[in-house]
Amino acid sequence: NVQGGFSVDYQTADGTAIAEDDYQSQSGTLTFTGTTEESHPITVSIADDTLIEPTERLYVNLSNLSTTLIGINDSQGEITIEDNDGGAGNGLTISDITVNEGDGTATVQVTLTGNVQGGFSVDYQTADGTAIAEGDYQSQSATLTFTGDTGETKEIEVLINDDALIEPTERLYVNLSNLSTTLIGINDSQGEITIEDNDGGAGNGLTISDITVNEGDGTATVQVTLTGNVQGGFSVDYQTADGTAIAEDDYQSQSATLTFTGDTGETKEIEVSIADDTLIEPTERLYVNLSNLSTTLIGINDSQGEITIEDNDGGAGNGLTISDITVNEGDGTATVQVTLTGNVQGGFSVDYQTADGTAIAPDDYTVQSATLTFTGDTGETKEIEVSIADDTLIEPTERLYVNLSNLSTMLIGINDSQGEITIEDNDGGAGNGLTISDITVNEGDGTATVQVTLTGNVQGGFSVDYQT
Ligand SMILES: [Ca+2]
Ligand SMILES: [Ca+2]
Ligand SMILES: [Ca+2]
Ligand SMILES: [Ca+2]
């Protein structure tokens with residue numbers, strides 16, 4: 001209890017809280033009656049702004065105590081202001097964008113939500129994803145300075161390289177870091193730039209060539225050619241496959257993997273060994289098939305190479321011939337031979353049929369026809385046995401024919417299609433012929449008759465003149 005009372009002055013003072021922005025400055029004089037426990041309020045107005053601020057402080061200082069009977073034990077009141085503008089909705093975000101490789105630049109935006117007292121800065125730096133600096137884009141880093149107004153936006157423009165490579169869709173990132181304020185956070189620190197390639201398309205891809213070779217060439221080479229520059233290269237498998245040409249007999253089967261570095265125009269050769277046999281064969285084909293392309297950046301425009309093998313074993317010296325024979329009518333049979341020159345793949349058949357010449361069936365021989373089957377080995381011979389009629393007629397030497405037809409293969413021809421069978425007669429000879437008789441008559445008989453007599457059966461009959 002202080003006799004006679006007293007007065008004391010007070011005055012607000014800035015700490016981190018600033019007068020008029022954060023609170024209303026104030027000063028005055030308090031008058032005490034001097035009774036112990038006597039209390040006087042000092043009310044300071046606090047500004048409720050929309051700025052995100054740190055916790056701030058101001059002071060109320062006491063001075064000019066009018067009595068000397070007591071002292072001021074604590075002359076400074078401290079007012080701590082906790083901000084009410086921060087929170088979950090505020091902070092920095094960076095946008096994502098998708099561009100075409102030909103766009104030249106990709107722009108992402110860094111946007112502030114919330115009014116941040118005093119502004120701030122934040123760093124950014126590009127970073128490789130599947131897109132790689134400096135081939136796909138130009139790396140970049142800098143510091144963005146914000147004044148701190150909500151909605152404030154800064155743009156970051158990244159240069160995109162327009163190359164000639166066929167690439168997948170690629171990504172790079174723009175990362176935010178080193179935010180200079182603690183009043184807000186970074187809600188989204190990574191902008192994603194997606195680059196869509198512009199180099200693929202219909203004209204690109206793999207093709208495999210076709211080729212025609214002679215069986216004697218030893219090898220057949222087909223080429224696999226790339227159109228388009230393919231990022232990172234790729235591989236593709238190939239495998240030979242039978243057509244009419246059969247593996248190991250006609251060619252050596254083969255499979256492997258081709259590896260391309262990915263440059264347009266790049267060519268890989270596949271060399272297939274061709275078997276040079278002695279078989280007469282048709283023109284045959286085998287295939288080389290592409291599969292398992294390791295990239296999706298291009299396709300296979302032509303997946304099948306065709307190798308055509310032209311045979312080298314046919315020609316003028318090969319084919320079928322039928323023999324001729326001369327027999328005696330009494331031999332019973334006449335045998336002709338059909339002979340193959342050349343090895344014919346898969347064998348074949350040929351028909352034969354007898355045909356009249358001067359010899360006439362069935363008087364002179366027995367008609368016959370059938371099919372001969374050859375396995376196809378050079379030198380192979382088939383016999384045709386024709387029955388010959390042994391009559392008692394005196395005949396000239398006669399002929400019949402054996403004709404070949406309907407050859408089942410085109411790999412050879414028939415060099416001689418007609419066998420000739422010559423039949424020599426066995427009924428003529430010394431005892432045969434004409435004789436005329438002698439006769440003795442009496443003058444009174446009136447006539448005299450002589451007889452002309454034939455010995456031997458003469459085919460077709462005949463005539464003879466007489467004269468006295
Ligand atoms: Ca505030
Ligand atoms: Ca490209
Ligand atoms: Ca051959
Ligand atoms: Ca006869």
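Reckoned from all heavy atoms, side chains included, excluding hydrogens, waters and symmetry mates. What you see is a predicted model; the values in this text were computed from it and never measured. Every number for a ligand or one of its atoms is a count from 1 in the order of the listing.
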Q. Which single N/O/S atom of Asp83 lies at minimum distance from the Ca ion (ligand 1)?
A. OD1

Q. Can any side-chain N or O of Asp331 pair as donor or acceptor with the backbone N or O of Thr333 at less than 3.5 Å?
A. no

Q) Taking C-beta and beyond as the side chain, do Val122 and Phe146 meet within less than 4.5 Å on heavy atoms? A) yes

Q) the Ca ion (ligand 3) is nearest to which N, O or S atom of Asp277? A) OD1

Q) Would one find an N, O or S atom of Leu279, in either backbone or side chain, under 3.0 Å from the Ca ion (ligand 3)? A) yes

Q. Glu281: which N/O/S atom is nearest the Ca ion (ligand 3)?
A. OE1

Q.
What is the name of the N/O/S atom of Asp85 that is nearest to the Ca ion (ligand 1)?
A. OD2

(Q) To the nearest 0.5 Å, what is the distance between CG on Leu58 and OG1 on Thr16? (A) 8.5 Å

Q: Please check if any side-chain donor atom of Asn289 sits under 3.5 Å from a side-chain acceptor atom of Gln239, or the reverse.
A: no

(Q) Using the rule side chain to side chain contact (heavy atoms under 4.5 Å, CB included), only one of Ile186, Asn187, Leu176 pairs with Ile94; which is it? (A) Leu176

(Q) Let me check your reading of the structure: within less than 3.0 Å of the Ca ion (ligand 3), is there an N/O/S atom from Asp276? (A) no

